[in-house]
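Below: the structure, in structure tokens.
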2 protein chains.
Amino acid sequence: MQEIHADNLNVRTVRNSKQRQAILDMLSRQQSHLSAEEIYQAVKVQHPKISLGTVYRNLEVLTETGQIDRTSFADGKARFELSLAGHHHHLVCMKCGDIENIITCPMAREITGIIESHDFRPMHHYFEIYGYCHKCQ
Amino acid sequence: MQEIHADNLNVRTVRNSKQRQAILDMLSRQQSHLSAEEIYQAVKVQHPKISLGTVYRNLEVLTETGQIDRTSFADGKARFELSLAGHHHHLVCMKCGDIENIITCPMAREITGIIESHDFRPMHHYFEIYGYCHKCQ
DNA sequence: ATCGCTGCAAATCATTTGCAGCAGC
DNA sequence: GCTGCTGCAAATGATTTGCAGCGAT
């Protein structure tokens with residue numbers, strides 16, 4: 001019988017695995033925002049036996065540990081990128097699908113004031129702008 | 001042989017149907033943002049034979065004609081509401097799931113300026129704030 | 001009489017999950 | 001050795017689509 005310490009209550013140890021490392025390496029070489037399927041295809045080149053399920057499970061762990069960011073887009077797909085960039089928002093091209101980051105954030109004093117006047121406690125937010133990039137106008 | 005006028009090139013006539021009207025009626029009695037499944041369940045009360053496929057097809061037509069607005073939320077589900085409210089954004093409660101509209105829009109001069117300096121032509125945008133509503137804090 | 005719209009069922013797409021064996025620590 | 005992680009395959013959930021008949025104009 002194992003003793004119960006605070007340390008092993010609700011604590012899941014996260015191990016390293018070649019697959020998780022491969023996903024992370026791949027995303028650091030990548031500038032763009034990739035869907036789970038795209039990540040799967042790219043990692044498969046070096047790791048032919050990796051499964052899409054494993055990719056999804058790792059994307060979730062990496063999101064929880066804050067190493068990557070997940071964003072849901074209007075097409076109903078989530079896309080992922082390294083967290084390095086810090087907090088930012090997206091310009092999504094409706095023609096070529098390209099996604100560019102902008103570091104400007106709308107959560108300014110004026111807007112947080114309005115939100116709090118609704119008795120709402122904001123935790124996070126999404127701000128995605130859809131339109132046409134310089135190549136596609 | 002039918003003559004070809006500009007009027008019937010690429011123009012799809014939209015007819016009225018009891019099902020479409022029922023969906024619209026239902027949404028006007030409703031204040032909240034409903035998923036396709038919720039709309040289906042609600043309309044089924046008066047229209048027991050309506051199918052979920054019909055609901056989806058009508059939601060698409062009504063969105064295209066601008067009578068309703070569709071928004072994709074982070075849970076991967078789209079939700080719908082009458083267009084009456086005009087342009088607005090959402091406060092989404094992460095506990096009870098309630099969605100409140102705010103008419104404040106972050107697309108101010110400062111931000112559109114930054115976007116255009118990226119050579120990007122914005123068409124529309126989403127701004128959703130996730131957090132806790134007054135009941136759930 | 002068109003042809004858009006319907007119900008039904010099957011198909012598709014993104015994502016999740018059960019399971020038995022393998023692999024970090 | 002414990003237990004998290006994997007590949008595989010099947011399950012789930014949201015949404016779409018093929019089809020033959022019905023209904024609005």
Side-chain angles (χ1 to χ4, degrees), chain A residues 1-5 7-24 33-65 67-68 70-80 97, chain B residues 1-5 7-24 33-65 67-68 70-80 97:
Chain A
M1 170 75 91
Q2 196 178 37
E3 274 186 77
I4 296 178
H5 296 113
D7 285 347
N8 51 37
L9 283 175
N10 300 317
V11 174
R12 137 197 297 142
T13 311
V14 176
R15 292 178 181 164
N16 283 334
S17 77
K18 291 163 195 261
Q19 292 87 338
R20 184 173 302 150
Q21 194 54 53
I23 291 170
L24 217 38
H33 305 67
L34 299 178
S35 66
E37 178 69 34
E38 290 167 333
I39 293 168
Y40 170 57
Q41 293 300 338
V43 171
K44 216 162 54 157
V45 175
Q46 307 290 335
H47 264 265
K49 303 223 51 166
I50 199 171
S51 76
L52 187 52
T54 294
V55 170
Y56 272 105
R57 278 184 281 228
N58 276 311
L59 289 173
E60 187 177 350
V61 172
L62 293 169
T63 302
E64 278 169 2
T65 59
Q67 297 172 84
I68 64 177
R70 155 192 260 133
T71 311
S72 292
F73 290 90
D75 67 354
K77 274 192 224 175
R79 288 182 178 73
F80 303 83
Chain B
M1 169 75 90
Q2 194 178 40
E3 274 187 76
I4 296 178
H5 295 114
D7 285 350
N8 50 38
L9 283 176
N10 300 318
V11 174
R12 137 195 297 143
T13 312
V14 176
R15 292 177 180 163
N16 283 332
S17 77
K18 291 163 196 260
Q19 291 85 340
R20 184 171 304 151
Q21 195 53 53
I23 291 170
L24 219 36
H33 304 69
L34 299 179
S35 66
E37 177 69 33
E38 289 167 335
I39 293 169
Y40 170 58
Q41 294 299 338
V43 171
K44 216 160 54 157
V45 175
Q46 307 290 334
H47 264 266
K49 303 223 52 169
I50 199 171
S51 75
L52 187 52
T54 294
V55 171
Y56 272 104
R57 279 185 280 230
N58 277 312
L59 290 174
E60 188 176 352
V61 172
L62 293 169
T63 302
E64 278 170 3
T65 60
Q67 296 172 84
I68 64 176
R70 154 192 259 132
T71 311
S72 292
F73 289 92
D75 68 354
K77 274 193 224 177
R79 288 183 177 73
F80 303 84

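Per chain, numbering begins at 1; letters A, B, ... match sequence-line order.
Annotation: of the two residues near DNA chain D, B:Asn16 and A:Asn58, the 5′-most nearest-nucleotide partner is A:Asn58. Residues B:Pro48 and B:Arg15 both approach DNA chain C. Their nearest nucleotides, taken by heavy-atom distance, put B:Arg15 toward the 5′ side. Comparing B:Thr13 and B:Lys49 by the nucleotide of DNA chain C that holds the closest heavy atom to each, the one mapping nearer the 5' end is B:Thr13.
At a threshold of 4.0 angstrom between heavy atoms, the contacts of A:Glu37 with the nucleic acid are absent. B:Leu52 comes within 4.0 angstrom of a base, heavy atoms only. Note on B:Arg20: only backbone sugar-phosphate atoms sit closer than 4.0 angstrom, heavy atoms only; bases stay farther off.
There is a side-chain donor-acceptor pair under 3.5 Å between B:Gln67 and B:Thr65.
Taking both residues in full, the closest heavy atoms of B:Tyr56 and B:Ala36 are given as CZ-CB, 3.4 Å, listed atom of the first, atom of the second, then distance. In this structure, A:Glu38 and A:His33 approach most closely via the heavy-atom pair OE1-O, 4.0 Å. Taking both residues in full, the closest heavy atoms of A:Val43 and A:Ala22 are given as CG1-CB, 4.0 Å, listed atom of the first, atom of the second, then distance.
Going from atom CD1 of A:Ile39 over to atom CD1 of A:Ile23 covers 7.0 Å, rounded to the nearest 0.5 Å.
Atom CD in B:Glu38 sits roughly 15 Å away from atom C1' in D:dT15 (whole-Å rounding). One atom, OH of A:Tyr40, and another, P of D:dT6, lie 14 Å apart when rounded to the nearest Å. Counting to the nearest Å, the P atom of C:dA14 and the CD atom of A:Glu60 are 18 Å from each other. When the C1' atom of D:dT15 is taken as reference, atom CG of B:Leu62 falls 16 Å away, rounded to whole Å.
OP1 or OP2 of C:dG7 has at least one side-chain nitrogen or oxygen of B:Thr54 nearer than 4.0 Å. Within the structure, a side-chain polar atom (N or O) of A:Gln19 is placed less than 4.0 Å from OP1 or OP2 of D:dG7. Remark: B:Tyr56 is not in phosphate contact with D:dT16, judged by side-chain N or O atoms under 4.0 Å from OP1 or OP2. Regarding contacts with the backbone of C:dT6, a side-chain N or O of B:Ser17 is found under 4.0 angstrom from either OP1 or OP2.
Of the candidates D:dG7, D:dA14, D:dC5, the closest approach to any side-chain atom of B:Lys77 belongs to D:dA14. Here the side chain of B:Lys18 is nearest to one of D:dA24, D:dT16, D:dG7, namely D:dA24.
In this model, no side-chain donor or acceptor of B:Arg57 finds a partner on the base of C:dG4 within 3.5 Å.
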